[in-house]
Amino acid sequence: MPELPEVETVRRGLAPAMIGARIETVELRRGDIRFPFPPRFRERLTGKRITDVARRAKFLLVKLDSGETLIAHLGMSGSFRIEDERVGEFYTPRSKDPKHDHVVLRLDSGKTITFNDPRRFGFMDLAEDGGLDAHPRLAGLGLEPLSDSFDAARLAALLASSGAPLKSALLDQKRIAGLGNIYACEALWRAKLSPFRPAGRLARARGGPTKAATALAEAIRAVLKEAIDAGGSTLRDHRQADGALGYFQHSFDVYDREGKPCRRTGCRGTIARDMQSGRSTFYCRRCQK
DNA sequence: AACACCCCCTGTCGGC
DNA sequence: TGCCGACAGGGGGTGT
């Protein structure tokens with residue numbers, strides 16, 4: 001479930017295995033994932049040393065000593081796997097479906113980093129030295145919800161121009177970058193806000209953000225932070241199992257809980273599911289207004 | 001300009 | 001048991 005917390009969890013897993021290492025070989029098992037690989041992709045990676053592994057919204061950013069940056073997106077089903085050739089098969093069982101291993105990076109540390117993506121909605125790209133912020137895949141992205149500058153006032157301002165329902169606006173990566181279908185639903189539930197409420201109306205208050213915007217900003221930050229904390233703790237266990245980085249099961253308050261009781265203390269509502277712009281929205285009619 | 005809609009692709013699950 | 005449609009964490013392109 002690669003939304004911001006999952007991508008951040010993957011980043012934290014990859015960073016210690018990748019930073020400082022040199023890429024010795026790049027194996028592409030096909031010519032494209034969702035998009036074709038950029039020109040001279042293998043050459044631009046091979047022999048380069050990795051200086052950092054960062055994240056912007058749901059994008060992983062692998063910084064190279066050439067100044068270029070490898071941009072990776074997990075799409076819906078992408079994951080990375082770390083294997084250590086020096087340790088061997090006992091600690092690193094094979095993936096269940098190696099047929100979806102599309103990219104294999106062999107590092108001089110002896111570790112192998114494999115990108116696996118059954119649905120191939122993920123992709124990789126390269127940004128030239130100095131061209132990361134202007135790269136077409138990143139240029140239009142909105143505010144990082146976990147950055148210091150994200151607060152109720154900024155959230156309200158970002159939603160002010162929207163005529164869309166609140167949940168659709170939260171999924172718009174040009175406004176807030178990193179929320180996906182799960183955490184948009186979860187944040188709205190926490191803030192007791194209906195996903196159908198007009199987003200632009202959250203902004204309109206004299207002298208500052210509305211109570212709803214304040215609650216929503218806090219809910220977004222809290223739900224993302226908690227998910228990252230949960231992923232971080234799950235990560236260690238998961239890696240002992242098979243070295244895979246990508247999917248972690250969390251327990252959600254509303255997502256995928258259609259027909260089940262609302263978990264809010266004192267609320268007797270039942271979780272409903274509706275479609276909004278083609279995606280499922282889970283919410284409680286009783287306590288989300 | 002700012003939406004809503006459809007599509008990309010594979011796998012899984014529930015209903016018949 | 002098998003088949004078939006619905007649906008799945010995302011986002012890019014198109015049409016209104």
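Throughout, a chain's letter reflects where its sequence line sits, starting with A, and its residues are numbered from 1. All values below come from the heavy atoms of this structure, side chains included, with hydrogens, waters and symmetry mates left out.
- Regarding A/I71, its CD1 atom lies at a distance of 16 Å from the C1' atom of C/dG10, rounded to whole Å.
- Closest to the A/M275 side chain, of the nucleotides B/dA4, B/dC8, C/dA8, is C/dA8.
- Nearest nucleotide to the A/F121 side chain, out of B/dC9, C/dG12, B/dC3: B/dC9.
- No more than 12 heavy atoms of other residues, nucleotides or ligands sit less than 6.0 Å from atom NZ of A/K174.
- Comparing the P positions of B/dC5 and C/dC7 gives a spacing of 15 Å, expressed to the nearest Å.
- Regarding contacts with the backbone of C/dA8, a side-chain N or O of A/R273 is found under 4.0 angstrom from either OP1 or OP2.
- Counting heavy-atom neighbours within 6.0 Å of A/E128 CD, excluding the residue itself, gives a total of 12 or less.
- At the phosphate of B/dC3, OP1 or OP2 sits under 4.0 Å from a side-chain N or O atom of A/S162.
- Rounded to an integer number of Å, the gap from A/F59 CZ to C/dG11 C1' is 8 Å.
- What separates CZ of A/F123 from C1' of B/dC9 is a distance of 15 Å, to the nearest Å.
- Taking 4.0 angstrom as the limit, A/H100 places none of its side-chain polar atoms (N or O) nearer than this to OP1 or OP2 of B/dC9.
- Judged purely by atom type and a 3.5 angstrom limit, A/D65 uses its side chain to pair as donor or acceptor with the backbone of A/R49.
- Comparing C/dG11, B/dC3, C/dG10 by their nearest atom to the side chain of A/R175 picks out B/dC3.
- With distances taken from any side-chain atom of A/R119 to the nucleotides B/dT10, B/dA4, C/dG10, the minimum falls on B/dT10.
- Nearest to the side chain of A/P165, among B/dC9, B/dA4, C/dG11, sits B/dA4.
- A/L28 places a side-chain heavy atom less than 4.5 Å from the side chain of A/F37.
- The distance between atom CG of A/L171 and atom P of B/dC5, rounded to the nearest whole Å, is 14 Å.
- In A/R30, the CZ atom is crowded: over 12 heavy atoms of neighbouring residues, nucleotides or ligands sit closer than 6.0 Å.
- Rounded to an integer number of Å, the gap from CZ of A/R279 to P of C/dA8 is 8 Å.
- In the set B/dG11, C/dG12, C/dA8, the nucleotide with an atom closest to the side chain of A/R34 is C/dG12.
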Audit row: A/E186, A/R190, salt bridge (Lys or Arg N to Asp or Glu O under 4.0 Å) steps and yes/no: CA-CA 6 Å; A/E186 295 292 313; A/R190 285 190 184 218; 5.4 Å; no
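- Of the candidate nucleotides B/dC3, C/dA8, C/dG12, C/dG12 has the atom nearest to the side chain of A/R137.
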Strand DNA chain B in bracket notation, Watson-Crick/G-U under 3.5 Å with | for pairs to another chain: .|||||||.|||||||
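- Contact check, A/S277 against B/dC3: no side-chain N or O comes under 4.0 Å of OP1 or OP2.
- The CG atom of A/D256 sits 9 Å away from the C1' atom of C/dA8 (whole-angstrom rounding).
- Side-chain proximity of A/H73 to the nucleotides B/dT10, C/dC7, C/dG10 is greatest for C/dG10.
- Within the 4.5 Å cutoff, the side chain of A/P165 has heavy atoms near those of the A/Q276 side chain.
- Of the candidates C/dG11, B/dC9, B/dG11, B/dC9 carries the atom nearest the A/R120 side chain, counting heavy atoms from C-beta on.
- Taking every side-chain heavy atom of A/K99 into account, B/dG11 is the closest of C/dA8, B/dA4, B/dG11.
- Taking 4.5 Å as the limit, some side-chain heavy atom of A/K111 sits within range of a side-chain heavy atom of A/D84.
- Look at CD on A/E6: it is 9 Å from P on C/dG10, rounded to the nearest Å.
- Atoms OH (A/Y255) and P (C/dC7) sit 12 Å apart, rounded to a whole Å.
- Backbone-only contact: A/G163 has heavy atoms under 4.0 Å from sugar-phosphate atoms and none from a base.
- With P as the reference atom, B/dC9 and C/dC3 are 24 Å apart, rounded to whole Å.
- In this structure, A/C262 and A/I271 have side chains that are in contact, with non-hydrogen atoms separated by less than 4.5 Å.
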